[in-house]
Structure formats: structure tokens, C-alpha cells
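Reckoned from all heavy atoms, side chains included, excluding hydrogens, waters and symmetry mates.
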Amino acid sequence: MKKVVLSVVAALAFSAAPALAADMPAKAPKVVSAAEPSPWDVAFGSALMNDYVFRGITQSNHKPSVAAYFEPRYNITKDIQLYVGVSGESISFANRAAAEIDFYGGARWTIGPVVLDGGFWYYYYPGGQCFNTAAFGADCLANSGGLGSLPNGNVIKADMSFWEVYFKPTWNVNDSLAIGGNLFYTPSMMNSGASGLYVSGTAKYTLPATILPSGIGAYVSGEFGRQYLGTTDSFYGVTGFPNGIDYADYNTWNVGLGFTYKVFTLDLRYSDTDLSKADCNAYTSDYTASFNGSFSPINPTGVGSNWCGATFIAKLSADLTLGSLK
């Protein structure tokens, strides 16, 4: 009898063992911490436009231009970013330079809704030719292929490359409205010897997403600026001002409407300045300018330029970052 009882007890104990094991809490899985985001990123993009306009003045003779840029970035913290970049645009300058290559670098500091952006920008214009035999003789004559001054009498340096320092604050008032400013300074605008200070204010309003079909955004934006300019070196001297001419300061403005879809932006913009055709010719040495009675103290030839007048700009661009592609 004892053997039977012991056998029953042993069987019950054996059959209960799996149930007790199943009731044991499983070991918690190891928690793998998410990888820290890389402080590095790269922004890049390209654009096609019907006219490349810089501070109200065409750089492409009112003809189409292509552009591209590449900008590595390093985030010191979530609010402080360092960056360097290179960009390029096709141009049509009076000295026959056909490309603008820009090298720049700076820092962006975000303080709540305010972004402070400052740095250094170098504008490089390779392939230029000199046109000014009257002032600089055989050297300029040889460099211009034997043409001397431009056919309309304008003169231009072979090297127009120059640098600027800049500061660009932006205040994001809310999710729709951003107000900003620009401050650029150079000791020699377009390597002319004339100092340059550009100051402007900007505003951009992003329209409500419900206005357009899903995925399409829209905005309106504008800028009003003033370009202050100094006196050139003697290369650009004219009768009455043999040591250089005092370029005319001018106002410039633009207003436009833009549409966004994914990485693409279509920007439609009106741009203008208050420069006269005479002072525009003196500043740009426009190789397409012709005589039209546009006289001024710094433009005694009467040749007038349309490079600084009203123009419409349509620009299609694509902008990406490596981070957005992951």
C-alpha cells in the first residue's frame, strides 16, 4: 500500500513540474539603445532658372542659367551648426567669364525661434579677359585677344573675383511667418576697388496646407535691400574722374510666389532696382549696352544698360540632405 501511495505522489509531482516551469517569468530581453544620430550631414541641390539675378542685376545677360551646390554640415549641438560649401552658376559677364564658383563657410546658431547665420563667401570668376587698352596698354590688349576695349567703349578687368563677410538673422515668428535680414560687406566689390555694403530685410509667409492639394505647399516672400558702393580704382577712371568713379548706391527689391512638392521648389519672382541705365552701365560694364543718350557724371559715353531693370525670374530647384534620404 505504501508503494502505491508513493508511486501516485511521484507521478503527481512529475506531472506538475512542467506547469510550474511554464509559470516562471521569462528573462527580460536585453534593451539595445538606439544609435546616436550622426552630427554630420550634407545638403546638396541644383536649379534651373530663366535669369540669374544677384541683388537686382542680371548675371547671365537675361538668359537661362543653371546652378548646383554641395554643403557638408557638422552639428556641434542641436542648436549650433558649422558648415562649408561650394556652389556654381553659369553666367555671362562682360569680361567673357562664363561661370561663377562660390566657396563659403560659416556657423548657424538657433536660439528658440531665432536663427543667427554668419560667415565668409568667396566669389570666383575664372576665364575672364581684360578690356581696357586706353589705360593699361599692351598687357590688356594681348589679354583681350586684340580687341582692346569692348565694342561699346566699356572697360572691364580680367579678374572680378572678390570676397564678402555676412550676417543673416531670421526670426521665425510662428509656423507660417519668418522675418529676416542680410548684411554683406566687401572691401572691393567685383574686384573694382570700390567697397560694398549690402543691407536688406526679408519676409516669407507659408500658406496654409489646406489651400492646395495634398503634398503641395506654397509661400509668398519678398526682399527690400540697399547696395552701398564706394569709389573704384583708376582702372575704371573716366574723363573728370581719372582716379576712379564713385559707383551709385541703389535700392533693389523682389517679390514672389513659390510652390513646393517633396524636394522640389518652383519660385516665380519679380525683381527690380532704381539704378538708371547710365549708372547701371558704369557699374556692370555691360557688353550688350548701346548708345541711347544715358549720360551721367560717371558714364560720359551715353551708353545705357538694361541689366539692372525689371525682370521676371522662374526658378525650379531641388534640395536634399543625406539625412532625409535615410
Are T231 and Y247 close enough that some pair of their side-chain heavy atoms sits under 4.5 Å apart?
no
Verify side-chain hydrogen bond (donor to acceptor under 3.5 Å, both in side chains) between D274 and N251, making sure each step is shown before the conclusion.
CA-CA 6 Å; D274 64 356; N251 297 321; 3.2 Å; yes
Is a side-chain N or O of D41 found less than 3.5 angstrom from the main chain of G323, in a donor-acceptor match?
yes
Check for a donor-acceptor pair, side chain of N172 on one end and backbone N or O of P113 on the other, with a separation under 3.5 Å.
yes
Treat each ILVMFWY residue as a node, draw an edge where side-chain heavy atoms are under 4.5 Å apart, and state whether L257 and F224 are in one component.
no
For V155, does its backbone N or O pair with a side-chain atom of N132 as donor and acceptor, under 3.5 Å?
no
For the residue pair T252 and Y198, establish whether any side-chain heavy-atom pair is separated by less than 4.5 Å.
yes
I101 side chain near V86 side chain, heavy-atom distance below 4.5 Å
yes
With the side chain counted from C-beta on, respond yes when Y261 and V263 share a heavy-atom pair under 4.5 Å apart, and no when they do not.
no
Under a 4.5 Å cut-off applied to non-hydrogen side-chain atoms, are N174 and Y205 in contact?
no
Yes or no on side-chain hydrogen bond (donor to acceptor under 3.5 Å, both in side chains) for E223 and N254, after CA distance, side-chain angles and deciding distance?
CA-CA 5 Å; E223 177 184 19; N254 67 77; 3.2 Å; yes
Shortest non-hydrogen contact from D51 to T58?
OD1-OG1, 2.7 Å
Tell me, with the steps shown, if S161 and D159 meet side-chain hydrogen bond (donor to acceptor under 3.5 Å, both in side chains).
CA-CA 6 Å; S161 303; D159 182 11; 3.1 Å; yes
Transitive ILVMFWY cluster of F295 at side-chain heavy atoms under 4.5 Å: who else is in it?
F291
Check whether T232 reaches the backbone of G193 with its side chain - one donor and one acceptor, N or O, closer than 3.5 Å.
no
Are any side-chain N or O atoms of D272 and backbone N or O atoms of A310, one a donor and one an acceptor, separated by less than 3.5 Å?
yes
Given side chains that start at C-beta, do those of E71 and V42 come closer than 4.5 Å, heavy atoms only?
no
Decide whether S294 and N292 meet the rule of one side-chain donor and one side-chain acceptor closer than 3.5 Å.
yes
Note, K315 side chain near Y52 side chain (heavy atom, < 4.5 Å):
no
Hey, mind stepping through L212 and L207 against side-chain contact (heavy atoms from CB on, under 4.5 Å) and telling me if it holds?
CA-CA 9 Å; L212 296 171; L207 301 177; 5.9 Å; no
Less than 4.5 Å apart, side chain to side chain, heavy atoms only: is that true for D249 and R226?
yes
Can you confirm if the NZ or CZ of R55 lies within 45° of the ring axis of F184 and under 6.0 Å from the centre of its six-membered ring?
yes
Is it the case that the side chain of D102 and the backbone of E89 share a donor-acceptor pair, with hydrogens and angles ignored and the cut-off at 3.5 Å?
no
What I want to check is whether the side chains of S271 and T311 have a donor and an acceptor closer together than 3.5 Å.
no
Members sharing I313's hydrophobic cluster, built from side-chain contacts under 4.5 Å between Ile, Leu, Val, Met, Phe, Trp and Tyr, are V53
Under 3.5 Å donor-acceptor, S60 side chain and P64 backbone:
no
For the pair Y122 and W163, evaluate ring pair (Phe, Tyr, Trp, His ring centres under 6.0 Å) and give the outcome as yes or no after the intermediate values.
CA-CA 4 Å; Y122 181 71; W163 58 266; 9.0 Å; no
Can a donor-acceptor pair be found between the side chains of N154 and N281 at a distance below 3.5 Å?
yes
Passes side-chain hydrogen bond (donor to acceptor under 3.5 Å, both in side chains), N182 versus S200? Steps please.
CA-CA 5 Å; N182 295 294; S200 77; 3.0 Å; yes
Using the rule that two of Ile, Leu, Val, Met, Phe, Trp, Tyr join whenever any of their side-chain heavy atoms come within less than 4.5 Å, decide whether W109 and I76 are in one cluster.
yes
Relative to each other, are the rings of Y166 and W121 parallel, tilted or perpendicular (30° and 60° limits)?
perpendicular
Are F241 and M189 linked, directly or through other ILVMFWY residues, by side chains that come within less than 4.5 angstrom of each other?
yes
For K157, does its backbone N or O pair with a side-chain atom of Y236 as donor and acceptor, under 3.5 Å?
yes
Can you name the salt bridge (Lys or Arg N to Asp or Glu O under 4.0 Å) partners of D117, sequence neighbours left out?
R108
According to the interplanar angle, ranging from 0 to 90°, do the rings of F54 and Y123 count as parallel (below 30°), tilted (30 to 60°) or perpendicular (above 60°)?
perpendicular
Output yes when a side-chain donor or acceptor of N61 lies under 3.5 Å from a complementary backbone atom of K63, and no otherwise.
no
Is there a donor in the side chain of N95 and an acceptor in the side chain of Q129, or the other way round, less than 3.5 Å apart?
no
Would R269 and D267 satisfy salt bridge (Lys or Arg N to Asp or Glu O under 4.0 Å), going step by step from the backbone distance to the final call?
CA-CA 6 Å; R269 190 159 301 276; D267 189 274; 2.9 Å; yes
Could you report the tightest heavy-atom contact between D233 and N191, atom names first, then the distance?
OD2-O, 4.4 Å
Check: Y219/S176 side-chain N/O donor and acceptor closer than 3.5 Å:
no
Which word best sums up how the rings of Y125 and F93 line up, parallel for under 30°, tilted for 30 to 60°, or perpendicular for over 60°?
tilted
Judged by atom type as modelled, is there a donor-acceptor pair below 3.5 Å linking the side chain of N152 to the main-chain atoms of V303?
no
